[in-house]
A.B. asks: 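The structure under discussion is supplied below as C-alpha cells; questions concerning it will follow.
Everything quoted here is computed from the prediction, not taken from an experiment.
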Amino acid sequence: DTDSYATPGRVAERVGLDPAAVRRLFDSLHDRGLLAWEPPARQTHRPPVSVVVTVRNEREHLRDCLDAVAALTYPAYEVVVVDDGSTDGTVAVARDHALAEAGRLRVVEVGTPDRPLGIGASRNRGVEAATHDIIAFTDADCRPSETWLADLVPRLACCALVGGRI
C-alpha cells in the first residue's frame, strides 16, 4: 500500500510542522537506527532498467563490475558503459564482455584522454543513451549485489527515486 509510506513532507503537512525540521528529525532517527527508510515494494513492479556504468581508465575494475552486473537476478535490464576517454583498454574490456556478446551492453565513448567530460556529464550521456525509463547508476569500482535491482526497482511503484547504502 503506497499510501502508508509517509515521507517527511507528508508528515510535516499532516502535523503542521516545517518540512525541513521533520526531515532533520527523520534523518536523526535513521542515523541512530530507530527509523528505516524503506518504502513499500510492489514485487510485481518490474519494468526494464538501463544500468549506466561510468568509467575512465579502470579496465580491471570494470571487468569485475560487469561480472557482478551480469549476475543480477532482475529479469530485464540493459547496460550502458560510458567511457570518458580511457587509454588503458577499458573500452575493449567492455566490448569483449559476455553482456556485450549477448546484446545487453553498449559502449558510449565521450570525452578524450586530454579532455574528459567528467563523471556528471558522463552520467548525463548515459541517460541520453539509455533505452528504458528507469535508470540505475553504478561505477566501475562498484560490485552491485545480485539482488540490487530486484530490491530497489519494486519500490519505484510508490516513489520517484530510490537509493541504497553505499
A.B. asks: For the CG atom of Leu156 and the CG atom of Asp133, what is their distance to the nearest 0.5 Å?
C.D. replies: 11.0 Å
A.B. asks: At what distance, to the nearest 0.5 angstrom, does OG1 of Thr87 lie from CG of Asn57?
C.D. replies: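 Reported to 0.5 Å precision, the distance equals 4.0 Å.
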A.B. asks: Out of curiosity, Asp151 CG to Gln43 CD, how far, rounded to the nearest 0.5 Å?
C.D. replies: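 It is 8.0 Å, given to the nearest 0.5 Å.
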A.B. asks: Side chains of Thr90 and Glu58: donor-acceptor distance under 3.5 Å anywhere?
C.D. replies: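 Judged by distance alone, the side chains do not pair up.
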A.B. asks: Should Val81 and Leu149 be counted in the same cluster of Ile, Leu, Val, Met, Phe, Trp and Tyr side chains packed under 4.5 Å apart?
C.D. replies: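 In one cluster: yes.
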A.B. asks: Please name the pair of heavy atoms, one in Pro8 and one in Phe26, separated by the smallest distance, quoted to 0.1 Å.
C.D. replies: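 Looking at all heavy atoms of both residues, the shortest contact is CG-CD2, 3.5 Å.
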A.B. asks: Is there a donor-acceptor pair under 3.5 Å between the side chain of His132 and the backbone N or O of Ile134?
C.D. replies: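 Such a contact is absent between His132 side chain and Ile134 backbone.
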A.B. asks: So does Arg23 pair up with Asp27, basic N to acidic O under 4.0 Å?
C.D. replies: yes
A.B. asks: What's the spacing between Thr138 OG1 and Trp148 CH2 if we round to 0.5 Å?
C.D. replies: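 The CH2 atom of Trp148 is 5.0 Å from OG1 of Thr138, to the nearest 0.5 Å.
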A.B. asks: Let me check something: any side-chain donor-acceptor pairs from residues 119-126 under 3.5 Å, sequence neighbours excluded? List them with distances.
C.D. replies:
{"residue": "Ser122", "atom": "OG", "partner": "Gly118", "partner atom": "O", "Å": "2.8"}
{"residue": "Arg123", "atom": "NH2", "partner": "Asp139", "partner atom": "OD1", "Å": "3.1"}
{"residue": "Arg123", "atom": "NH2", "partner": "Asp139", "partner atom": "OD2", "Å": "3.2"}

A.B. asks: Look at atom CD of Glu60 and say whether more than 12 heavy atoms of other residues, nucleotides or ligands are closer to it than 6.0 Å.
C.D. replies: yes
A.B. asks: Hey, mind stepping through Asp64 and Arg143 against side-chain contact (heavy atoms from CB on, under 4.5 Å) and telling me if it holds?
C.D. replies: CA-CA 7 Å; Asp64 293 339; Arg143 308 294 173 268; 3.1 Å; yes
A.B. asks: Please tell me whether Val49 and Ile135 are part of a single hydrophobic cluster in this structure, the criterion being side-chain heavy atoms less than 4.5 Å apart.
C.D. replies: no
A.B. asks: With respect to Val53, which candidate in Val107, Val82, Leu62, Asp83 satisfies the side chain to side chain contact (heavy atoms under 4.5 Å, CB included) definition?
C.D. replies: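 Exactly one option meets the side chain to side chain contact (heavy atoms under 4.5 Å, CB included) with Val53, and it is Leu62.
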A.B. asks: Going by atom types only, do Glu78 and Ser50 share a side-chain donor-acceptor pair under 3.5 Å?
C.D. replies: yes
A.B. asks: Please determine whether side-chain contact (heavy atoms from CB on, under 4.5 Å) holds for the pair Thr73 and Glu146, giving the CA-CA distance in whole Å, both sets of side-chain angles, and the decisive distance to 0.1 Å.
C.D. replies: CA-CA 6 Å; Thr73 60; Glu146 289 180 354; 4.1 Å; yes
A.B. asks: Side-chain contact, heavy-atom cut-off 4.5 Å: Val153 with Tyr74?
C.D. replies: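 Yes; the side chains approach each other to less than 4.5 Å.
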A.B. asks: Testing the basics here: between Val55 and Ala140, what is the closest heavy-atom pair and its distance to 0.1 Å?
C.D. replies: CG2-CB, 3.6 Å
A.B. asks: Please check if the side chain of Tyr77 supplies one atom and the backbone of Val69 the other of a donor-acceptor pair under 3.5 Å.
C.D. replies: yes
A.B. asks: So do the side chains of Thr147 and Leu152 get within less than 4.5 Å of each other, counting heavy atoms only?
C.D. replies: no
A.B. asks: For residues 89-102, which residue pairs qualify under salt bridge (Lys or Arg N to Asp or Glu O under 4.0 Å), counting only residues two or more places apart or in two chains?
C.D. replies: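 Every salt bridge (Lys or Arg N to Asp or Glu O under 4.0 Å) pair that includes a residue of residues 89-102, provided the two are not neighbours, is Arg95-Glu109.
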A.B. asks: Looking at Ala94, is its backbone amide N or carbonyl O close enough to the side chain of Arg59 to form a donor-acceptor pair, meaning the two atoms are under 3.5 Å apart?
C.D. replies: no
A.B. asks: How close do Pro144 and Ala68 get, counting heavy atoms only, and between which atoms?
C.D. replies: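 So the two residues come closest at O-CB, 3.7 Å.
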A.B. asks: Let me confirm one number: the CG-CZ distance from Leu117 to Arg56, rounded to the nearest 0.5 Å.
C.D. replies: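 Those atoms lie 9.5 Å apart.
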A.B. asks: Before you tell me yes or no, could you show the steps for Val80 and Val51 under side-chain contact (heavy atoms from CB on, under 4.5 Å), namely the whole-Å CA-CA distance, both residues' side-chain angles and the distance that decides it to 0.1 Å?
C.D. replies: CA-CA 6 Å; Val80 179; Val51 176; over 6 Å; no
A.B. asks: Thr112 and Asp114: side-chain donor and acceptor closer than 3.5 Å?
C.D. replies: no
